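Notes follow once the structure below has been shown.
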Amino acid sequence: MKRNILFFALLLKCALLSAQEEINAKVIIDENSNLQVTQVFNENNNYLFPKEVSLNQKEFKFLRENDKLKEYEIQNVNNISFEIITNTSKLNNDFLITNLKYTGIKSKDFFDLKKFNLDISSKKYNIIFPSKDDLKETYTTSPKIVAGNFNFFEENGFKVYYLENEKEYLDEMKKANIGMSNSFNYYSKYFGEKRKPKIVFAPNNEASETTENLIVYNSDVVKGKNKENTISHEIGHIWFGQDGIIIKERPLTEGIAEFLSMQYIISQLGQKQLDVSINERLYQLEGEKSLHNLKEKDLDLKKSLSLSYRLLPMYFYSRQLRNSNFINELSELYKAKEKERKTSLEDINKFFQSKGYEIISTDELFPDFYISDSIPNEISIISTSEKSYEVEIGIVDSNNQKSIKTLTFSKEQKNQKINIENINKIVIDPSYKILQISRLNDIWSKNDNNVFNKNRYFKIDSKEDIAFISNDVANYLSRKTEKISNKINISLREENDLKELRNNNSKKTLTGAATSYVEKNNSIFLFFVFNNENANETTVSKIILKLDSEKTSILEVKIEK
């Protein structure tokens, strides 16, 4: 019986291998680092190519194109030659790393694993990847080519390549290798063992990238302060990314890898190591109301990066804080989708729903909880959400003793009062368990009612003149004064911009703010949060004030929409 099972298992494996598309091509790297490709096409079919490739119209019939690819129909089955032009502006003469796909792939098999039979040669470079051993693996797309004068070491099961002229950073690369190993082992506990990819360090002026069986780190990473984050983020892509499961919505892939990196750093270095990073991310996210952008198809680069590396990681991080099993739910998702290799937000939510887990909703609004002065010896904490939340409140009493109180908010109970007779300070959600629209109004202090000191990021400890301008703008927008200031010069056009903002928020209360000054640009960056209790609405306005050299005049007002 056992022999029969082994026989059928072997037969199945052979059947799967024979069903895989085989791609046969010869690739010559010429003296200009361009790729001269000759590929064998054994049948008429539709093939996808990088859109930068020009093909002979007698051999191919053009069908359509998208952002990165063109689709052609084979007209004459044969050995077909074409050229891939390499962008060498970000490389130097010591190495080559391809940034474009260089073979045609059947449209219908685009995401499937394939066998690549490649003959890659160069008179100029040594070929580092893919080697003959690397080509024993299967790939979904043409393996990235790495070639050049690289040195090599192997530690912790990783083969690591680096350039001779960067040998001075070898010790730092070996330290990074320890981080690779530790994070690989950490993720393996949840998602299972996988082969370890080759590692390349190169000064390619590109973001670090994980592809199948290969990670290319920009060598600057070992010189920077946040190397633990970048190293472990790319290792996370072995499971979620091109080397693991491919998610249709790319920001989800990046967001999960960044979240995993955060969890790894906490496991190694403790929560405090992330405090600054978390504050920076949340500060940049001020005013974000939902994950709506995740379902948008054509996000601009700025929104895509914010969604990938700020919003989604913080969304997953707060979810993990509320539900310590969340990382195990991701583990179940990975194992369920591992063989398919591709999935989407819709499929992920169907899986989560089938397990009774919280879905990743793109329609649900984030809540906001803010502090409002009510009557003497009492403050109110108000919720803008229709959903129910258990919210932790950090309290420092008159003896400077800290404690946590949990308040329940719901559609029916949006307002909770706290007696402050013996309290010095109150902080909403001190552990960041809830992703809010704003953190600008989360703090109440008995001896400090400055609107700029109610935020979770920093106090208004700027220079005296910057603090003066910031406070005057805040007083004007909150309708405490009718003019910005007699001591600040401002043109009628700039004043009208602020007046329009003030009028647009006339039915709202300014409940918090943050200000920072960038000396290089001589500019003040102001965030203001407005709350409309009747409409259960929170809005955040972001203003940049360009000053003159004496800081007595506002030359330009820019209000971000």
Side-chain angles (χ1 to χ4, degrees), residues 283 286-287 289 368-376 378-384 415 420 425-428 436-462 464-517 523-547 551 554 556-561:
Y283 179 68
E286 277 294 321
K289 296 193 173 184
D368 193 43
F369 304 95
Y370 64 96
I371 296 169
S372 173
D373 293 329
S374 230
I375 57 175
E378 196 172 69
I379 61 106
S380 291
I381 298 179
I382 300 168
S383 165
T384 63
N415 189 329
I420 54 175
K425 189 175 181 180
I426 292 173
V427 180
I428 297 174
Q436 295 188 66
I437 292 172
S438 176
R439 299 275 176 180
L440 295 175
N441 47 24
D442 275 11
I443 297 176
W444 173 87
S445 295
K446 186 174 186 177
N447 301 314
D448 188 354
N449 63 359
N450 189 321
V451 70
F452 287 100
N453 293 337
K454 297 178 183 293
N455 70 77
R456 297 292 298 277
Y457 310 114
F458 38 72
K459 284 182 173 288
I460 183 169
D461 53 4
S462 311
E464 188 176 331
D465 46 4
I466 302 301
F468 173 78
I469 296 170
S470 300
N471 276 311
D472 266 28
V473 172
N475 288 335
Y476 176 72
L477 293 178
S478 59
R479 297 176 300 283
K480 291 180 181 178
T481 59
E482 291 305 314
K483 290 192 69 177
I484 292 176
S485 175
N486 292 324
K487 297 180 181 179
I488 305 170
N489 298 315
I490 183 170
S491 72
L492 183 61
R493 187 180 70 177
E494 266 60 51
E495 190 172 11
N496 282 338
D497 287 341
L498 291 173
K499 186 176 181 180
E500 182 182 359
L501 180 62
R502 169 178 154 130
N503 291 338
N504 290 342
N505 292 286
S506 60
K507 295 182 180 179
K508 302 173 186 176
T509 305
L510 195 160
T511 56
T515 181
S516 58
Y517 173 64
S523 297
I524 302 175
F525 290 77
L526 291 161
F527 285 13
F528 294 105
V529 59
F530 295 92
N531 286 97
N532 186 331
E533 193 171 339
N534 293 328
N536 293 324
E537 183 184 50
T538 294
T539 54
V540 175
S541 296
K542 302 178 182 183
I543 306 170
I544 303 172
L545 303 179
K546 178 79 172 175
L547 307 179
K551 302 183 186 64
I554 297 173
E556 183 183 350
V557 174
K558 182 179 178 182
I559 300 173
E560 291 190 14
K561 302 297 183 184

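Every value quoted in this text rests on a predicted model; they were computed, and no experiment measured them. Computed from heavy atoms alone, side chains included, the values below leave out hydrogens, waters and symmetry copies.
Although no hydrogens or angles enter the test, the distance criterion places no donor-acceptor pair under 3.5 Å between the side chain of Asn415 and the main chain of Ile382. Without hydrogens or angle criteria, Lys542 side chain to Glu286 main chain gives a donor-acceptor distance under 3.5 Å. Ser485 places a side-chain N or O within donor-acceptor distance of the main-chain N or O of Lys487, the cut-off being under 3.5 Å. No donor-acceptor pair under 3.5 Å is formed between the side chain of Asp497 and the backbone N or O of Glu500.
Contact check on Glu533 versus Lys508 returns no salt bridge, with no Lys/Arg side-chain nitrogen under 4.0 Å from an Asp/Glu carboxylate oxygen. Electrostatic pairing of Asp448 and Lys459 counts as a salt bridge here, judged by a charged N lying under 4.0 Å from a carboxylate O. Remark: Glu482 engages Arg502 in a salt bridge, criterion side-chain N to carboxylate O under 4.0 Å.
Here the NZ atom belonging to Lys425 is positioned 15.0 Å from the CD1 atom belonging to Ile420, to the nearest 0.5 angstrom. Between atom OG of residue Ser491 and atom CD of residue Glu556 there is a gap of 10.0 Å, rounded to the nearest 0.5 Å. Residue Phe528 holds its CZ atom at 8.5 Å from OG of Ser478, rounded to the nearest 0.5 Å.
Asn505 pairs with exactly one of Thr539, Leu477, Asn531, Leu510 by the side-chain contact (heavy atoms from CB on, under 4.5 Å) rule, that one being Thr539. Just one of Asn475, Thr515, Asp465, Asn450 meets the side chain to side chain donor-acceptor pair (under 3.5 Å) condition when paired with Ser470; it is Thr515. Only one option out of Thr384, Val529, Ile381 pairs with Tyr370 in a side-chain contact (heavy atoms from CB on, under 4.5 Å); it is Thr384. Under the side chain to side chain donor-acceptor pair (under 3.5 Å) test applied with Thr511, the options Asp442, Thr538, Asn441 reduce to a single match, Asn441.
The local environment of NZ in Lys546 is crowded, with over 12 non-hydrogen atoms from other residues, nucleotides or ligands closer than 6.0 Å.
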side-chain contact (heavy atoms from CB on, under 4.5 Å) evaluation trace for Asn504 with Ser506: CA-CA 6 Å; Asn504 290 342; Ser506 60; over 6 Å; no

Test side-chain contact (heavy atoms from CB on, under 4.5 Å) applied to Phe458 and Ser516, step by step: CA-CA 9 Å; Phe458 38 72; Ser516 58; 4.2 Å; yes

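Here the side chains of Lys551 and Tyr517 are in contact, with some heavy-atom distance below 4.5 Å. Between Asn489 and Ile554, every side-chain heavy-atom pair lies at or beyond the 4.5 Å cut-off. Looking at Ile469 and Ile524, their side chains come closer than 4.5 Å, going by heavy atoms from C-beta outward. A 4.5 Å side-chain heavy-atom check between Leu526 and Phe452 finds at least one atom pair inside the cut-off.
By the 30° and 60° cut-offs, the orientation of the rings of Tyr283 relative to Tyr457 is perpendicular.
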